[in-house]
Amino acid sequence: MEQQKQKNGTSRDSTPRVSSSEAERAIRHFECAGGLAVTVHDLTHSLWGSLPVTRFQHSHPVCRSVKLGQFRKRCLLFEIDEFRASAPRWKTGRLHMCHAGLVELALPVFDHERLILVLFAGPARTREPSLLDFVARPSPENTDAGRSSLPDVHESTLDSLKESFHQLGARLRCLIVDMSLDLDVSELTRAVRVKKFVDDRYHKQLRLDDLAEFLGVSGERARHIVVEECGAPFRTIVRNTRLRASRALLLNSMLPVYEIALRCGFSDQSAFTRAFRSEYGTSPREWRRTTQS
């Protein structure tokens, strides 16, 4: 049974069917070739079980030093709200300079018209301002500390860098969408069908009988299928999926905790906090503060 789980890419904690080695290998290949660190904002939450948490935030020391300052909220607004709102305008990506004077590539990744990923490659610097597609209004706290060691973006290499970045975006999109969700349901293993059912509905009230109807079996048979194929009870799988989604929203959004609780299917903020603390040993608010800083 364990070999079958590994073959299907499922795990006992109901994490996504994306292979961690495939996603991380694709990212590291770009980083080695392009010399820029990659940050992933996964709006589908599908990569949260496959990549380390540091992949989902700007972890470079220069970026972190800026975010520890008084303009931390401005950093988050720029990389989350402002870029996502303008993402349809920049479907092929852009080279921008943030308010801290740092240069990075930003690439939105769409599934049809739905934004599913935002990728950042940087920080960097450039001595050719004409290459920039967008420049944010600078902040007065900018310093040059640590920036002399950042890689330079040159006109001679920019096209190849962008092409490699587009290929990375296409590869990650393929891992999220094409490996499972675009297949006909009848072609999927039962474990993946259970995961797909929960992923599509975790924000709603979910009962085992709903899954049984989806699978075309009795409630008791559905209970056995979930435990046999996914290694955990249905309630645990739903809870873990909701918690995974909540971490993505806590890290990559400015939404208040109570709204994240409701968006992720919890009855209220108290229930969300209890589940989060039980799983991670801290409150959602404290986890967000610690992780973002």
Side-chain angles (χ1 to χ4, degrees), residues 5 8-18 41-50 56 84 111-116 176-177 180-186 188-288:
K5 285 186 176 66
N8 292 335
T10 58
S11 63
R12 297 185 65 84
D13 65 355
S14 74
T15 50
R17 187 173 172 259
V18 177
H41 286 187
D42 176 15
L43 281 66
T44 71
H45 325 306
S46 299
L47 296 174
W48 267 81
S50 308
F56 303 101
R84 291 182 192 177
D111 174 30
H112 302 295
E113 295 302 316
R114 181 173 67 112
L115 181 66
I116 62 173
I176 292 174
V177 179
S180 60
L181 301 186
D182 280 351
L183 294 174
D184 185 85
V185 170
S186 64
L188 303 178
T189 65
R190 287 188 300 190
V192 175
R193 292 177 69 189
V194 171
K195 178 199 170 301
K196 176 174 170 55
F197 175 84
V198 175
D199 281 353
D200 289 346
R201 300 167 177 81
Y202 69 86
H203 56 288
K204 304 177 181 178
Q205 290 187 354
L206 281 182
R207 302 175 304 159
L208 184 61
D209 287 345
D210 299 324
L211 175 65
E213 182 179 354
F214 175 76
L215 296 176
V217 298
S218 67
E220 184 64 16
R221 181 58 186 149
R223 184 177 69 83
H224 284 293
I225 288 174
V226 173
V227 174
E228 290 171 1
E229 298 293 335
C230 302
F234 180 67
R235 179 177 296 181
T236 300
I237 291 172
V238 173
R239 185 203 65 176
N240 289 347
T241 302
R242 287 171 173 167
L243 288 174
R244 188 175 69 244
S246 76
R247 287 197 301 166
L249 289 175
L250 285 167
L251 184 59
N252 293 328
S253 83
M254 301 289 287
L255 294 172
V257 172
Y258 76 86
E259 186 170 342
I260 290 175
L262 297 179
R263 286 194 181 200
C264 292
F266 292 95
S267 58
D268 53 42
Q269 183 174 336
S270 296
F272 172 43
T273 299
R274 287 195 300 271
F276 197 96
R277 189 183 296 277
S278 175
E279 183 68 19
Y280 304 117
T282 187
S283 70
R285 195 181 307 276
E286 180 63 18
W287 184 89
R288 168 185 261 177

[X]: which residues meet the side-chain hydrogen bond (donor to acceptor under 3.5 Å, both in side chains) condition with it, sequence neighbours left out?
| X | result |
| --- | --- |
| R201 | none |
| H203 | none |
| R84 | H41 |
| T44 | D42, S46 |

Pairs of donor and acceptor atoms involving the side chains of residues 273-281, under 3.5 Å and at least two apart or interchain, shall be tabulated with distances.
from, atom 1, to, atom 2, distance (Å)
T273, OG1, Q269, O, 3.0
E279, OE1, R239, NH2, 3.0
Y280, OH, R247, NE, 3.4

Side-chain polar contacts of residues 254-263 - donor-acceptor pairs under 3.5 angstrom, sequence neighbours left out - could you list them?
from, atom 1, to, atom 2, distance (Å)
E259, OE2, R263, NE, 3.2
E259, OE2, R263, NH2, 3.0

Distance from L249 atom CG to R244 atom CZ, nearest 0.5 Å?
-> 12.0 Å
Would you check if the side chain of [X] reaches a backbone N or O of [Y] as a donor-acceptor pair within less than 3.5 Å?
| X | Y | answer |
| --- | --- | --- |
| D111 | R114 | no |
| T241 | I237 | yes |
| R288 | L250 | yes |

Hits for side-chain contact (heavy atoms from CB on, under 4.5 Å) against E220, two or more places apart or cross-chain, chain-then-number order -> S218, R223, H224
All N/O donor-acceptor pairs, side-chain side in residues 205-216, below 3.5 Å, sequence neighbours left out:
from, atom 1, to, atom 2, distance (Å)
R207, NH2, D210, OD1, 3.2
D210, OD2, R207, N, 3.0

Flag side-chain contact, heavy atom, 4.5 Å: L47 against F56 | yes
Take C264 and F272 through the side-chain contact (heavy atoms from CB on, under 4.5 Å) test and state the conclusion after the steps.
-> CA-CA 9 Å; C264 292; F272 172 43; 5.9 Å; no
Sequence neighbours excluded, which residues qualify as ring pair (Phe, Tyr, Trp, His ring centres under 6.0 Å) partners of Y202?
-> none
Provide the closest heavy-atom pair for F266 versus L243 in the form atom of the first, atom of the second, distance.
-> CZ-CD2, 3.8 Å
